[in-house]
Amino acid sequence: MDTMTQIAALTAETIQNLWPEAEGLPTAEDLRSLLAVPPDPALGDYAFPCFRLAKPLRMAPPKIAEAVCAAWAHADVASVQPVNGYMNFFLNRENFAAQTMAALQAAGDRFGSSDIGKGKTVCLDYSSINIAKRFHIGHLSTTMIGHSLKRIYDFLGYTTVGINHLGDWGTQFGKMICAYKKWGVKEEVERDGVDAMTRLYVRFHEEAEKDPSLEDEGRAWFKKIEDGDPEAMEIFTWFKDVTLKDAAKVYDKLGVSFDSYAGESFYNDKMEPVIQELRDKNLLVQSQGAWVVDLEEDNMPPCLILKSDGATIYATRDLAAAVYRQNTYHFDKCLYVVAYQQDLHFRQVFRVLEKMGYPWAKGCVHVSFGMVSFDGAALKTRTGNVVLLEDLLDQAVAKAREIIEEKSPNLENKDEVARQVGIGAVVYTDLSNNRIKDIDFRWERALNFDGESGPYVQYTHARCCSLLRKAESLAGVTPDWSALTDDEAQALLRLLSRFPDVVLDAADKYEPSMITRAVTDIAQAFNKYYYEHRILDGEPAQAAARVALADATRRVIKTGLYLIGIEAPERM
Ligand code: ARG
C-alpha cells in the first residue's frame, strides 16, 4: 500500500471512530482522491480539506480538522496539524524512507509491474505503413506510441498482439505493376527499393497524361491482382517484400517488432460474410448507387461499405479486420494508434460494429495523435521536402556521436552509445507531450544533455551506474534508512513511490508521455540530490542507504525508459 492510500485509510478510520453514527461519510477511496500535495512544503507533505465532511457531520471544517487531528494516533506514519479546515500531514520521514525502499528493493527491475491484466488481451494496431511508400517522419508517432503502449500493457500483465495493418490494397498497385511491366528494371527496384517504385508511379502519371488509355491498362492489372493472376501476384508480392525490407531497417533502428503483418489485402476473402451480415441485419441501404450504413442518428455521415462498382473500401476492410481480430484473439481492447485525421473514420467504423450488435465494439479505441513538424532547413532530404525517418535517425546518431566525442573522448563503445543516445533523443521528443499535441522537433532541444531530453535522462542513469561501480566496498552493509530523511532524498523517494501509479495511469489514458514526464522528474530530483549530498562518504550504513537510493533510481529510470522504447547505456 502506498503512503497516500495508507494515510487516507487511517484518516477514514479515525473519522469513523469519532462519529460512528454519522451517515454519508466519504470512503477511504474518496479521501485518497481528495488528498493533495500542498504548494508550499511548509504546509506538509499532504493536506486533506475537511469541507467534504461539513455536511454529513453538520460541523464547521476548522472544528472537524481540530477534532480529527487531536484523535490521530499514527505518529509512525505521519504527524498532523489542523490549519484553517485542513489537516496537514507531515510524513514520518524515516518510516516513509524505510517503507518505500523496502518496496523498491523487493520489486527490483519489476517495480511498477502488476498482474491486473492477467487473462485479458489487448490488440494494438500501430505503424500500419503503406506498401510502396517510404517511412516519413509522420509515421514515427504511430510506431512509437504503439510500441510503448504494447510494452506498458505487457508490464501490467496483459497479453498483447502488435499488428502492422499494412496498406497493401488499392488501384495504385495496378498502375505500379503496369508501369513496371513497361519501363521497370528489376535491378533498379532491387537496389533502390521504394524509391524506384515511387519513380515508376510518377512516370505512370506523366505518361497517362499523354496517353489516357494507360489508365485502363492500370485498372486491368489491378483486376488481375484481385483475381489472383499469378504474374500480377508475383510482382505485387515482390513489391511488398521490398517495401517491408526497407521498413525493417527503420524498425531495427527503433527496436520495434510486430506479432502480425495482416494488412488490408489479408481481408479480401473476409469481407463478404461481414457485408452479408450487414444486409441480414438490415443495416445496408443504397445511396447514389453505393451501399452504405446510415449514421444520421449519430450525427455522422454514412459509412460507405461498397462503391457503386461493387468495390470495397478502407472502412469495409476495417470492419472485417475488427471481426477477425475479435474471433482470433478475443481482445478486451483493440487500440488503433492512428493520426487524428482519421477520427471520423474510426467513429464510423466503431459505431457500425455497435449497430451490428457486437458488445466488444466498446473495447475499440482510436488512440489519436497530433502532427510532428520539423525545422526543415536543418535536415536535407533526398526526395523533395518529406523528412524521411531513416535519415532523421541516422542524423541523430551522427550528431550524438559528435557530442559524445567531445564530452567523453575516452568512452569505449562510442558507436553503440551514440546509437542509443541518438535514437533515444528522437523517441523522447516524440513521446514528451500529450499525444494529441503537435510536436515541433528541434535538434537543439532533442540533443540538449542538460535540458529535458532523452540524453539527459540517459545521462542520469549512467551517473547512477557509475556511482554503484564505485560503491562496491559497501556491498553487504545494512543500510540505515534514517540517512534518507533530508528534503532532497524525500522528494526523490516520493517520485519513485508514485511510479506504479504513473504506469497504471499511462495505460488507462493511452498516454506514454506520462512515463516520459515521470522519468524526467525522477532524473531531475536525483541530480538535485546528487549535488547536495556526498553519497559515498561518511558512515558506511548511511552511505549504503544513499547508494541503495541511487540503485533504486537507476532501476526505475531504466524501466521507465524501456517502457517508452528507449535504451539506457551504463556509461556515457
Ligand atoms: N495505412 C493507414 C495510413 O497510413 C493507417 C492504417 C491504420 N489502421 C487501420 N486499421 N485502419 O493512413
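Residues take their numbers from the sequence shown, with the count starting at 1. No hydrogens, no waters, no symmetry mates; every other heavy atom, side chains included, goes into these values. Just follow the structure's listing: the first ligand is 1, and inside any ligand the first atom is 1.
Annotation: cation-pi pair Lys558/Tyr562 absent, no NZ/CZ under 6.0 Å from the ring centroid and within 45° of its normal. Taking the ring axis of Trp221 as reference, the NZ or CZ atom of Lys175 does not stay both within 45° of it and closer than 6.0 Å to the ring centre. Both the sub-6.0 Å distance and the 45° axial angle are not jointly satisfied by Arg199 relative to the ring of Trp183.
Of the options Tyr314, Trp169, Tyr126, the smallest heavy-atom separation from atom 6 (C) of ligand 1 is shown by Tyr314. In the candidate list Asp318, Thr142, Ile129, Ile163, Asp318 is nearest to atom 10 (N) of ligand 1, counting heavy atoms.
Residue Arg325 has no N or O atom closer than 3.5 Å to an N or O atom of ligand 1. Considering backbone and side-chain N/O of His139, none are found under 3.5 Å from N/O of ligand 1.
Aromatic ring pairs are classed by plane angle as parallel below 30°, tilted from 30° to 60° and perpendicular above 60°; the pair Tyr201 and His205 is perpendicular. The aromatic rings of Tyr126 and Phe258 are tilted relative to each other, their planes meeting at an angle between 30° and 60°.
Per-residue contacts place Tyr336 under 4.0 angstrom from the following atoms of ligand 1 (heavy atoms of the residue considered): 10 (N). Residue-ligand proximity, Val338 to ligand 1, at heavy-atom distances under 4.0 Å covers atoms 7 (C).
Annotation: atom 4 (O) of ligand 1 to nearest protein heavy atom, Asn130 ND2, 3.1 Å. From the protein, the heavy atom lying nearest to atom 12 (O) of ligand 1 is Gln342 NE2, 2.9 Å. In this structure, atom 8 (N) of ligand 1 lies nearest to the protein heavy atom Asp125 OD1, 3.2 Å.
Between the side chain of Gln458 and the backbone N or O of Glu567, at least one donor-acceptor pair lies under 3.5 Å.
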Candidate pair Tyr251 and Thr143, rule side chain to side chain donor-acceptor pair (under 3.5 Å), full reasoning: CA-CA 9 Å; Tyr251 290 139; Thr143 306; 5.1 Å; no

